[in-house]
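Since the structure is predicted, the reported quantities are computational estimates derived from the model, not experimental observations.
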Amino acid sequence: MTTNATGGGQPPRQTDGADPGPTDAAGTPQDDRPAAPDAPHSAEPDRADAEPAGADAEPDRTDKAEVANTKLDETKVDKAEVANTKVDETKVAKTAETGATGGGSEPDRKDTGTEADPWTSFAPEPEPVPGRPRRAARATGRFLVHEWTLAVLASLALAVGMTWPALRYPLYTLPQDYWDPSLQAWQMAWSGHALRTNPGQLFQSNTFFPEPWSFAFSDMLLGYAPAGMLGTGPDAAVLRYNIMFVLAHAMATFGAYVLARQLGAGRIGAAVAGVSYAYAPWLLAQAGHLHIVSNGGIPLALAMLARGHGWSLRHGYRPERRRVGWAYAGWVVAAWQLSLGFGIGLVFAYVLAVTLLVSAAVWFWRRRRVRRPFGRRLFVADLVGGLLFAAVGALLAVPYFKVAELHPNAERTLGDIGVYSPPASGFFTAPAQSWIWGGLHEGARATLSWSPEMTLLPGFVLYALAAGGLFFSVWRLRHRLLLLAGVLVTMVLAMGTRFFGGTFTYAPLFEYLPGFNGLRTPGRMMLWTTLLLGLLAAGAVTAFAQRVRELGGGRVPARPSAWLRLATLLPLLLVVVEGLNDTPHPVVPEQPVAMRTVDGPLLVLPSSQNQDQPVMLWSTSRFQQVVNGGSGFTPKQLDDVRRVTAAFPDQTSVDYLRTLGVRDVVVLRDQIVGTPWEVTVDAPVDQLGITRQQVGNAVVFRL
């Protein structure tokens, strides 16, 4: 029992479950509350009987005082009731805590019964809380049906099918030919071997002995070095190449898809952009150049950077969508793409530089109206990421500058560029590897001086879709015009010196931009043309898909018919069909036994650009030093070796090889038919001070 402010005892609350009657806001029964302010009027007859007649003023003062006292008492009672209520709630809580042990007083248990809602027995059973395995299964299910997961799986499946039979005999065959792919298979193997054993000698490879910086004689594919750490020998190198060849196509598809989606295209439109970027007919001629096919990091990095900055082509700049983590990831992917080679990475670096300058100009212009439109954290991310990208580029450029200094004959000229510059007809000519257009364009290819680098057809379907995207698209008109301008500029640059001699187009870039004079094939600028055409096509296909959904909005249920839905897939199907290929996959020459047993430094005869590239692949068993090597240029010393050893074994060639430090010469019998070595390989060698030994199908001369 709690004592109130007036000294009276507060009546106990009813706890027997009976109806307590109306209550106030504090839970106090109305019957127990003091009279309301108008209660004196109800008691007026009683006071009239007690008071003498004519005492009108005094009763009025009495009534006013009574009302004031009543209000004061009511306030005191309410405060006391609130205090009692809190005490009762504390008792109920204690009852709940001691209910399991049977403790608590009888009033407390009655209070607990009062709090129960009788209607809860009619409520549905609460949903059970899932356990950890079920939550993990649900999270896995959501991950598997996520758009990006499905896009990755679709890209992988399409890559396996479109590059088939690359994975049919992945240990024995290489796509297109076994010359440049053998070189690039060796590059991945050497980078992994060097990083695993002696990273300081990465650029001093085992080929082109005794030349220094020999790993930088061509694009290095250094970004694939982690894969090169797995496995040893030619079989592992060939398997690694085929796997990376398929993954490169999958990454190109996924990267372009993600970029189109980030810019605002629909799923089908983005799929058209992804497939057209990865399987454009002109790229079929580059199947033997993994450093060109490995271009998926370009659109993927651009997509990540755009997402990090909250920008899209369709919706513009949205500050609330900025994600600093995506900006960092975009710069890392861009740096990784650059590490695959400067063949396409150099142009990518200049594109990023121009984009960075334009963004900085926009930032300084908008800061007058909007404070920090890009945000300080995002600015720091761009600064750190840009420095990382520049540092990777600078470190990779050092060995190339060393090579240019030691080998002046490696420098390109505008005359060299003219040899590989395609005419305008090249944009409508497909390579021989195209399944649809290869045979039909045989006559057109015959007019080209170097068809592998001059057949630049991105696809007639892509041309048509991009042209339609100029008039019917989800992109704004100014964005369509900008994309069109980009297409025209990159096509002009792809023509090299064929566009009015390149005087005002390619020549200034060649003369003044660092590194541009090392690019001998301007036609590879078609990579950017294809990407921009794909974005134009994605805008048109997205608009078409939206129109189809609008037409189906009046149906019940509100969805387009099956025929209309299939019609939205027709552009994608046509792009896939036009990208089908007829690429050969020749068997790699078997490694001679001598390459697994003979130490270096050694020379393998016969030696030439194409014949030396398989020798580089064969050396992956032991990575012994070999004089042989194939790259974008031939060092003067290797050219001298080939000239002097044309009459090997003779005294002149033996003495020359000894001065170089060569200890063994391996002559391959199955490759010397019709050459002078076919006769001299069995000539007496006693007077030369050397020995001869038959090892498998090769003859080994010990110097």
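Under the side chain to side chain donor-acceptor pair (under 3.5 Å) criterion, W677 pairs with no residue at all, not counting sequence neighbours. For H291, the ring pair (Phe, Tyr, Trp, His ring centres under 6.0 Å) criterion is met by H289, not counting sequence neighbours. The ring pair (Phe, Tyr, Trp, His ring centres under 6.0 Å) test applied to F701 returns F648, not counting sequence neighbours. In this structure S451 satisfies the side chain to side chain donor-acceptor pair (under 3.5 Å) test with no other residue, sequence neighbours excluded. Every residue two or more places apart in sequence or in another chain that forms a side chain to side chain donor-acceptor pair (under 3.5 Å) with E147 is listed here: Y257, R261. A search for ring pair (Phe, Tyr, Trp, His ring centres under 6.0 Å) contacts involving W437 returns H441, F460, not counting sequence neighbours. With sequence neighbours excluded, no residue satisfies ring pair (Phe, Tyr, Trp, His ring centres under 6.0 Å) with Y328. Every residue meeting the side chain to side chain donor-acceptor pair (under 3.5 Å) condition with T530, not counting sequence neighbours, appears here in chain and number order: W282.
Remark: of the listed residues R663, R622, R702, R622 is the sole one forming a salt bridge (charged side-chain N to carboxylate O under 4.0 Å, His left out) with D599. Test L352, L346, V347 against Y350 for side chain to side chain contact (heavy atoms under 4.5 Å, CB included) and you get one pass: L346. Here the options are V275, L462, L573, V461, the test is side chain to side chain contact (heavy atoms under 4.5 Å, CB included), and the partner is E578; only V461 passes.
E590 CD to D670 CG: the interatomic distance, rounded to the nearest 0.5 Å, is 9.5 Å.
In summary, D639 and K636 do not engage in a salt bridge, as defined by a charged side-chain N under 4.0 Å from a carboxylate O. A salt bridge links E453 with R524: at least one charged nitrogen is closer than 4.0 Å to a carboxylate oxygen. Ion pairing between a basic and an acidic side chain is recognised when a charged N comes within 4.0 Å of a carboxylate O; D682 and R669 show such pairing.
D655 and Q651 are linked by a side-chain donor-acceptor pair at a separation below 3.5 angstrom, with hydrogens and angles left out of the test. At a cut-off of 3.5 Å, with distance as the only test, no side-chain donor of N628 or T207 sits close to an acceptor on the other residue. A side-chain donor from one of Q611 and S608 sits under 3.5 Å from a side-chain acceptor of the other. A donor-acceptor contact closer than 3.5 angstrom links the side chains of N581 and T583.
Residue W326 qualifies as open at atom CH2: its count of foreign heavy atoms under 6.0 Å is 12 or below. Within a 6.0 Å sphere centred on CD of E678, other residues, nucleotides and ligands contribute more than 12 heavy atoms.
Counting heavy atoms from C-beta outward, D180 and Q613 have side chains that approach closer than 4.5 Å. Between I672 and L605, every side-chain heavy-atom pair lies at or beyond the 4.5 Å cut-off.
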Could you go step by step and tell me if R642 and S607 meet the side-chain hydrogen bond (donor to acceptor under 3.5 Å, both in side chains) rule?
CA-CA 6 Å; R642 291 170 180 170; S607 174; 3.0 Å; yes
Is there a side-chain contact (heavy atoms from CB on, under 4.5 Å) between V588 and Y241? Walk through the geometry before answering.
CA-CA 12 Å; V588 180; Y241 183 94; over 6 Å; no
Could you walk me through whether D235 and R240 pass the salt bridge (charged side-chain N to carboxylate O under 4.0 Å, His left out) test, one step at a time?
CA-CA 8 Å; D235 291 345; R240 185 185 305 114; over 6 Å; no
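Under the side chain to side chain donor-acceptor pair (under 3.5 Å) criterion, the residue pairs touching residues 331-344 are W331-D382, with sequence neighbours excluded. Residues in residues 150-179 take part in no side chain to side chain donor-acceptor pair (under 3.5 Å) pair, two or more places apart or across chains. Among pairs with a residue in residues 243-259, none fulfils salt bridge (charged side-chain N to carboxylate O under 4.0 Å, His left out), at least two apart in sequence or across chains.
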Donor-acceptor list for residues 216-233 side chains, cut-off 3.5 Å, not counting sequence neighbours:
from: S218; atom 1: OG; to: Q187; atom 2: NE2; distance (Å): 3.0
from: D219; atom 1: OD1; to: F342; atom 2: N; distance (Å): 3.1
from: D219; atom 1: OD2; to: G343; atom 2: N; distance (Å): 3.0
from: Y224; atom 1: OH; to: S294; atom 2: OG; distance (Å): 2.7

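Within the 3.5 Å criterion, the main-chain N or O of D650 finds a donor-acceptor partner in the side chain of S653.
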